[in-house]
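Side chains are part of it too, since the values below use all heavy atoms of this structure and drop only hydrogens, waters and symmetry mates.
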Amino acid sequence: MEKTTYTEQEVVDILRGAIEDRAAWFCLLLKAAREMGYDADAIAEKAITTFGVNVGKTLGKVETPEDFLTALSAGIGGKAFENRMTERGGKVAKMENRYCPLVEAWKKLGCSREEIAKLCELAMFGDYGRIQNFPGLELELTKRIAYGDECCEFVVTKKCNSGCCK
């Protein structure tokens, strides 16, 4: 008989495995596109940004940097990346991801450090797409596991318009 209930950690592990599968597909798809002479990076940037914009439309009411990071890290997905908010405030919020299933998948595929960094840059277009739905907010990654940092650090800042931040 199949198990019908799972612990939270089992669900996190299942989700991480699914994310790793998608990361492997992504990597192999880009390699195939390059081998066939396509501009794989441009294709990935456009497609992943569009995906991010679409997902961003489902995040609900987001007015502050903290709202955005809270929505981004909600639910079991936040646990899969080991998200934790490190700074909350009106104009700036910061969140760390302490684990990245995408990077883990790319390592398992034997990707070089440079390849992993490039794949990360492309994958991040999803998050940059998400924040496009909120024109008053700006996203920056100041650290990345893919670059050898101990975590990914997301910094969301409220944009200043007409002197609002004075």
Side-chain angles (χ1 to χ4, degrees), residues 6 8 11-30 33 38-106 116-147 149 151-165:
Y6 297 92
E8 183 177 273
V11 174
V12 167
D13 292 342
I14 291 166
L15 180 56
R16 283 179 173 171
I19 294 167
E20 284 188 27
D21 281 350
R22 275 45 171 202
W25 293 356
F26 174 55
C27 176
L28 297 171
L29 181 67
L30 290 178
Y38 294 100
D39 186 347
D41 293 357
I43 293 167
E45 180 179 337
K46 181 172 177 42
I48 295 167
T49 299
T50 300
F51 172 79
V53 169
N54 291 339
V55 171
K57 291 175 183 176
T58 70
L59 293 181
K61 185 178 177 185
V62 172
E63 295 177 350
T64 67
E66 185 176 343
D67 291 343
F68 179 78
L69 291 177
T70 298
L72 192 65
S73 65
I76 204 74
K79 293 186 186 316
F81 286 87
E82 295 182 14
N83 291 346
R84 70 180 179 102
M85 198 81 70
T86 59
E87 184 177 326
R88 301 170 189 267
K91 295 177 185 158
V92 177
K94 295 180 182 180
M95 178 180 74
E96 291 181 352
N97 288 3
R98 307 295 297 178
Y99 182 86
C100 183
L102 294 98
V103 169
E104 292 305 312
W106 299 329
I116 291 171
K118 183 60 180 175
L119 288 163
C120 172
E121 290 171 12
L122 294 170
M124 285 308 307
F125 281 106
D127 294 308
Y128 294 128
R130 283 175 180 87
I131 205 158
Q132 285 180 22
N133 291 282
F134 311 103
L137 301 177
E138 210 166 46
L139 170 64
E140 179 184 9
L141 267 88
T142 56
K143 297 178 186 173
R144 295 186 195 201
I145 293 169
Y147 293 177
D149 295 319
C151 67
C152 295
E153 183 178 58
F154 291 70
V155 179
V156 178
T157 307
K158 190 167 186 76
K159 291 181 184 176
C160 294
N161 296 324
S162 307
C164 71
C165 296

Problem - Sub-4.5 Å side-chain heavy-atom contact between Phe26 and Leu102 - result: no
With sequence neighbours left out, the residues meeting side chain to side chain contact (heavy atoms under 4.5 Å, CB included) with Lys94 are Thr86, Glu87, Val92, Glu153, Val155
Verdict with reasoning, Glu121 to Asp41, per side-chain contact (heavy atoms from CB on, under 4.5 Å):
CA-CA 10 Å; Glu121 290 171 12; Asp41 293 357; over 6 Å; no
*asked:* Tell me whether the count of non-hydrogen atoms from other residues, nucleotides or ligands lying under 6.0 Å of CZ in Phe51 goes above 12.
replied: no
Sorted by chain and number, sequence neighbours left out, salt bridge (charged side-chain N to carboxylate O under 4.0 Å, His left out) with Arg16 holds for Glu82
Between Phe134 and Lys158, is any pair of side-chain heavy atoms under 4.5 Å apart? no
Residue set satisfying side-chain hydrogen bond (donor to acceptor under 3.5 Å, both in side chains) with Asp67, at least two apart, ordered chain then number -> Thr64
The side chain to side chain contact (heavy atoms under 4.5 Å, CB included) partners of Arg88 (sequence neighbours excluded) come to Glu66, Met85
Taken to the nearest 0.5 Å, the spacing of Asn83 CG from Leu72 CG works out to 7.0 Å
| task | Please test Thr49 against Tyr128 for side-chain contact (heavy atoms from CB on, under 4.5 Å), starting from the C-alpha separation and ending with a verdict. | result | CA-CA 7 Å; Thr49 299; Tyr128 294 128; 5.9 Å; no
Residue pairs passing the side-chain hydrogen bond (donor to acceptor under 3.5 Å, both in side chains) test with at least one member in residues 19-29, sequence neighbours excluded, are Glu20-Lys108
Residues Ala105 and Ala23: closest non-hydrogen pair is CB-CB, 3.8 Å
Report yes if some heavy atom in the side chain of Leu59 is under 4.5 Å from a heavy atom in the side chain of Asn133; otherwise report no. no
In short, Leu30 meets Ala44 closest at the heavy-atom pair CD2-CB, 3.7 Å
In short, salt bridge (Lys or Arg N to Asp or Glu O under 4.0 Å) pairs touching residues 124-134 with sequence neighbours left out are Asp127-Arg130
Sequence neighbours excluded, the answer for side chain to side chain contact (heavy atoms under 4.5 Å, CB included) partners of Leu29 is none
In this structure, CZ of Phe68 is separated from OG of Ser73 (nearest 0.5 Å) by 10.0 Å
Salt bridge (charged side-chain N to carboxylate O under 4.0 Å, His left out) filter on Asp13, not counting sequence neighbours, yields none
So CZ of Phe154 and OG1 of Thr142: to nearest 0.5 Å the spacing works out to 10.0 Å
So the salt bridge (Lys or Arg N to Asp or Glu O under 4.0 Å) pairs with at least one residue in residues 43-61 (sequence neighbours excluded) are Lys61-Glu63
With sequence neighbours left out, the residues meeting side chain to side chain contact (heavy atoms under 4.5 Å, CB included) with Cys120 are Trp106, Met124, Arg144, Ala146
Sorted by chain and number, sequence neighbours left out, salt bridge (charged side-chain N to carboxylate O under 4.0 Å, His left out) with Glu140 holds for none
- Does Pro135 offer a backbone N or O that forms a donor-acceptor pair with the side chain of Lys159 under 3.5 Å? yes
For Thr70, the side-chain hydrogen bond (donor to acceptor under 3.5 Å, both in side chains) test, sequence neighbours excluded, returns none
Quiz item: More than 12 heavy atoms of other residues, nucleotides or ligands under 6.0 Å from OH of Tyr147: is that the case?
Solution: yes
Between the CZ atom in Phe81 and the CG atom in Leu15, the distance rounded to the nearest 0.5 Å is 7.5 Å
